[in-house]
Number of protein chains: 2
Amino acid sequence: MSNNQFKRGELYSVINGMATTAVARRLQKNFRKAGLDITIEQWSVLYHLWKEDGLSQLELGIRTFRDKASTTRLIDNLEKQELVIRVASKEDRRINLVYLTDIAKPLQQITYELANQTMNEALLNITKEEIEVVKNVLQRVYDNLTSKDLI
Amino acid sequence: MSNNQFKRGELYSVINGMATTAVARRLQKNFRKAGLDITIEQWSVLYHLWKEDGLSQLELGIRTFRDKASTTRLIDNLEKQELVIRVASKEDRRINLVYLTDIAKPLQQITYELANQTMNEALLNITKEEIEVVKNVLQRVYDNLTSKDLI
DNA sequence: GACATATAGTTAGTTATGCAACTAATATAA
DNA sequence: TTATATTAGTTGCATAACTAACTATATGTC
């Protein structure tokens with residue numbers, strides 16, 4: 001994967017952190033076309049587990065911009081599809097650590113390709129510099145609204 | 001309302017056209033704090049009716065980036081709260097024209113103020129030029145994904 | 001050790017989203 | 001003018017979002 005391509009794909013998580021998007025719908029459509037039966041919301045959780053397996057539900061919620069309740073149900077559904085399992089932490093039994101199953105692991109490659117392909121469609125005719133500005137601004141908007149009293 | 005302030009507020013509709021956001025959540029919170037019992041999704045519909053009353057459901061769907069089904073149910077809920085009424089078009093009886101009620105009309109002022117205030121929080125420390133880039137890029141992303149086979 | 005407080009996660013209730021299949025009304029074409 | 005296709009809107013089904021209230025475990029203080 002070229003470094004440039006992947007950096008473009010990251011914009012998705014920023015935009016998606018902000019909203020349900022045309023990008024999200026297109027990615028969902030591309031998943032379906034490829035025969036993948038996962039929602040982009042489920043994918044956003046898997047995405048972070050592929051980067052670091054065994055995160056707590058709370059940590060997953062923070063990284064995917066979700067509250068506890070939404071995270072619980074997303075993981076309920078992921079567990080139903082046998083894509084993840086919950087394991088109670090030994091240090092602190094309040095905590096559920098979430099692990100990828102062998103079913104989920106091979107999905108990383110194909111979904112990354114679909115995400116890259118989708119972002120290339122979305123970012124056609126948009127320059128690297130513009131993308132940097134958008135990422136930067138949306139992050140600052142998010143920070144402005146979450147640093148103080150929210151969360 | 002200063003022209004500059006209002007142009008800033010418009011970013012909301014672009015960002016929101018793309019996603020459910022920290023901005024959306026903050027605006028929802030500000031509505032609640034002000035005692036307004038409407039969701040930001042409902043507000044996005046009212047927003048377009050304040051600009052032009054009596055739009056069809058389909059047209060409202062296009063302007064708010066929703067499909068027909070979602071638009072139907074949003075308007076169901078708005079009608080339940082007596083904020084809008086549906087009137088069958090005389091020219092084409094398939095079409096429902098959606099009109100604001102006297103209950104909805106006075107909400108324009110206060111919700112615009114809350115939206116402006118929210119955008120000022122969100123866009124603190126972000127320049128006019130950056131905002132222009134973000135609006136422009138998100139619009140082009142949307143166009144890239146909707147011009148051809150989607151919609 | 002006992003009681004209050006904080007934290008991680010779950011559940012209930014409401015709203016919203018998307019897709020697909022449907023109804024009713026209108027437009028097109030033979 | 002009748003049959004066919006298109007269009008506007010609705011409904012059923014599944015997933016997902018947020019708030020608020022809840023359970024269970026852990027921490028802190030007296």
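Convention: sequence-line order gives letters A, B, ...; per-chain numbering from 1.
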Handout entry: d(CZ, A:F31; C1', D:dT15) in whole Å
Key = 15 Å
Handout entry: Distance test, side-chain N/O of A:Q28 to OP1/OP2 of C:dT17, below 4.0 Å
Key = no
Practice task
Heavy atoms under 4.0 Å is the rule here; annotate nucleotides 21-29 of chain C 5' to 3' with B where the base is hit, S where only the sugar-phosphate is, and - elsewhere.
Solution key: ----BS---
Practice task
Kindly indicate whether the side chain of A:T101, heavy atoms from C-beta on, has any atom under 4.5 Å from the side chain of A:I85.
Solution key: yes
Practice task
Check whether any side-chain heavy atom of A:T111 sits under 4.5 Å from a side-chain heavy atom of A:W50, and report yes or no.
Solution key: yes
Practice task
Quick one: sort the B:Y47 and B:Y112 rings into parallel, tilted or perpendicular, breaks at 30° and 60°.
Solution key: tilted
Handout entry: Closest non-hydrogen atom pair, B:D37 against B:Q81
Key = O-NE2, 3.0 Å
Completion exercise
Looking only at C:dG9, C:dT11, D:dG9, the nucleotide nearest the A:A69 side chain is C:dT11
Fill in the blank from the handout: Picking from D:dT19, C:dA16, D:dT10, the nucleotide nearest the side-chain atoms of B:E41 would be C:dA16
Problem - Of the listed nucleotides D:dG9, C:dG18, C:dG9, the one nearest the side chain of A:R25 - result: C:dG18
Practice task
Look at B:Q42 and C:dA16 and indicate whether a side-chain polar atom (N or O) is within less than 4.0 Å of OP1 or OP2.
Solution key: yes
Handout entry: Whole-Å distance separating the CG atom of B:D67 from the C1' atom of C:dA20
Key = 11 Å
Fill in the blank from the handout: Here the residues of residues 70-79 of chain B within 4.0 Å heavy-atom distance, strictly under, of DNA chain D are B:T72, B:R73
Exercise for the section: Decide salt bridge (Lys or Arg N to Asp or Glu O under 4.0 Å) for B:R63 and B:E59; before the verdict, give the C-alpha distance in whole Å, the side-chain angles of both, and the deciding distance to 0.1 Å. Expected result: CA-CA 6 Å; B:R63 298 195 189 187; B:E59 184 57 33; 2.6 Å; yes
Handout entry: Evaluation steps, side chain to side chain donor-acceptor pair (under 3.5 Å), between B:D92 and B:S89
Key = CA-CA 5 Å; B:D92 184 340; B:S89 163; over 6 Å; no
Problem - B:Q42 side chain vs B:N77 backbone, donor-acceptor pair below 3.5 Å - result: no
Problem - Closest listed nucleotide, where the reference is the side chain of B:I95 and the choices are D:dG9, C:dT15, C:dG9 - result: D:dG9
Exercise for the section: Using modelled atom types only, decide if a donor and an acceptor are shared between the side chain of A:E130 and the backbone of B:V134 within a distance under 3.5 Å. Expected result: no
